[in-house]
Amino acid sequence: MLVVVSVVFSLVSPWWFTPLASNWGTIDTTLNITFVITGIVFVALTLFMAWCIFRYRHRPGSRATYEPENKKLEGWLTGATSVGIVAMLAPGLVVWDDYISVPADATVVEVVGQQWTWTFRLPGQDGVLGTVDSRRITAENPFGINPDDPKGQDDVLVGSNELHLLVDKPVKILLRSIDVLHDFYVPQFRAKMDLVPGMVSYFWFTPTKAGTVEILCAELCGVGHSMMRGTVIVEDQEAYQTWLRDQPTFTQSTAEAATK
């Protein structure tokens with residue numbers, strides 16, 4: 001039934017989901033299950049209320065009876081409600097487990113949110129991100145990278161709000177905020193999560209289509225919230241490496257700042 005509903009909606013509705021740009025079709029399926037269950041309940045309750053209005057309308061000589069409780073009815077309602085809630089939550093728990101179970105070959109990208117812009121950090125040749133500390137954040141070190149950590153010297157710093165990713169390559173997104181609560185959201189990736197000050201959250205996805213998509217902040221983060229946007233460009237290996245070579249490392253950024 002769910003497949004039939006999805007096909008019908010995709011054929012007759014211009015407001016259906018945009019084409020997938022990642023592997024999270026399971027999130028769409030989970031949303032469809034929720035829509036179907038809540039839709040059935042909505043129709044059933046509306047018809048029941050309409051029937052009650054007609055069946056128990058005022059008529060001369062009729063008198064309402066007072067029934068404070070009905071254990072049989074309460075049992076049926078409790079059971080049906082429990083089944084409906086489980087049917088909506090169980091698929092989400094399965095998807096969530098996959099959502100945070102990162103493949104071993106995933107590329108790591110750190111997303112840093114700050115009022116009202118996005119910046120990004122990638123591991124260098126060693127494949128490991130250096131340690132950071134918000135107390136180290138300065139104009140010369142906007143990511144707060146520990147200069148004494150050798151693993152951070154080759155970290156690639158993307159100071160613009162444009163992030164490039166490889167097509168068909170799993171990506172682990174590390175999320176960090178250096179001021180207030182933000183939310184990294186790319187609708188086409190079917191993926192979003194909050195950036196909470198003082199902690200690092202994460203999720204993963206696999207871009208499956210080359211192209212350009214927009215990054216949004218889905219958490220009200222101040223007067224410039226609506227302008228907190230960025231761009232993700234999904235491309236092939238050659239184009240990605242060309243872009244990557246143009247990005248400075250932490251060592252290069254530090255040396256450049258020292259000369260100013």
Side-chain angles (χ1 to χ4, degrees), residues 2-3 5-6 9-10 16-39 83-113 118-123 127-129 132 158 161 163-178 180-221 228-235 240:
L2 180 60
V3 175
V5 172
S6 299
F9 266 71
S10 64
W16 195 236
F17 296 123
T18 55
L20 283 174
S22 76
N23 56 308
W24 288 117
T26 50
I27 291 181
D28 285 351
T29 301
T30 303
L31 290 174
N32 288 339
I33 292 173
T34 301
F35 288 152
V36 170
I37 293 175
T38 55
V83 170
I85 292 174
V86 170
M88 289 190 292
L89 291 183
L93 294 175
V94 174
V95 174
W96 174 257
D97 180 66
D98 193 15
Y99 195 62
I100 60 174
S101 299
V102 183
D105 62 338
T107 300
V108 177
V109 174
E110 182 186 64
V111 177
V112 179
W118 301 103
T119 52
F120 312 96
R121 183 167 64 113
L122 292 76
V128 180
L129 287 173
V132 294
V158 183
N161 61 355
L163 174 65
H164 291 234
L165 297 175
L166 279 170
V167 66
D168 294 327
K169 174 68 175 176
V171 182
K172 179 181 181 180
I173 299 292
L174 301 176
L175 301 168
R176 182 165 61 100
S177 172
I178 59 178
V180 300
L181 192 67
H182 300 286
D183 189 292
F184 182 78
Y185 181 36
V186 180
Q188 291 83 355
F189 289 163
R190 303 304 194 268
K192 66 190 294 286
M193 189 172 288
D194 282 351
L195 289 72
V196 182
M199 65 179 290
V200 177
S201 51
Y202 74 93
F203 65 92
W204 75 277
F205 60 89
T206 301
T208 57
K209 283 188 175 183
T212 301
V213 291
E214 189 174 20
I215 303 170
L216 306 174
C217 179
E219 193 73 47
L220 184 60
C221 58
M228 190 170 174
R229 303 194 174 202
T231 303
V232 177
I233 298 177
V234 182
E235 56 196 2
Y240 176 77

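Counting from 1, the numbers follow the sequence of the chain as shown. Values reported hereafter were calculated over all heavy atoms of this structure, with side chains retained and with hydrogens, waters and symmetry mates removed.
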Taking the side chain as every heavy atom from C-beta outward, state whether [X] and [Y] have any atom pair closer than 4.5 Å.
| X | Y | answer |
| --- | --- | --- |
| I215 | V111 | no |
| V232 | F189 | yes |
| V158 | T119 | no |
| M228 | W118 | yes |

Rounded to the nearest 0.5 Å, what separates atom [atom1] in [X] from atom [atom2] in [Y]?
| X | Y | atom1 | atom2 | answer |
| --- | --- | --- | --- | --- |
| L181 | E219 | CG | CD | 4.5 Å |
| I27 | N32 | CD1 | CG | 12.0 Å |
| T208 | D168 | OG1 | CG | 6.5 Å |
| L122 | H164 | CG | NE2 | 11.0 Å |
| L165 | T206 | CG | OG1 | 10.5 Å |
| L31 | T26 | CG | OG1 | 10.0 Å |

Checklist entry - Taking only residues two or more places apart in sequence, or in another chain, which ones meet A218 in a side chain to side chain contact (heavy atoms under 4.5 Å, CB included)? => result D183, Y185, K192
Next on the checklist: Taking side chain to side chain contact (heavy atoms under 4.5 Å, CB included) as the definition, give me every residue that meets it alongside V128, ordered by chain and number, with sequence neighbours left out.
Outcome noted: D126, K151
Checklist entry - Can you check side-chain contact (heavy atoms from CB on, under 4.5 Å) on E214 and T231, steps first, answer last? => result CA-CA 5 Å; E214 189 174 20; T231 303; 5.7 Å; no
Next on the checklist: Going by side chain to side chain donor-acceptor pair (under 3.5 Å), name the pairs with one or both residues in residues 96-113, residues two or more places apart or in two chains.
Outcome noted: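 Of all non-adjacent pairs touching residues 96-113, those that pass side chain to side chain donor-acceptor pair (under 3.5 Å) are E110-R121, E110-R176.
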Next on the checklist: The criterion is side chain to side chain donor-acceptor pair (under 3.5 Å); which residues satisfy it with N23, sequence neighbours excluded?
Outcome noted: none
Item to check | ring pair (Phe, Tyr, Trp, His ring centres under 6.0 Å) involving F120 - partner list, sequence neighbours excluded | outcome: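 Applying ring pair (Phe, Tyr, Trp, His ring centres under 6.0 Å) to F120 gives none.
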Donor-acceptor contacts, no H, no angles, side chain residues 195-203, under 3.5 Å, sequence neighbours left out:
unit_1	atom_1	unit_2	atom_2	d
S201	OG	D194	O	2.8
Y202	OH	I100	O	3.2

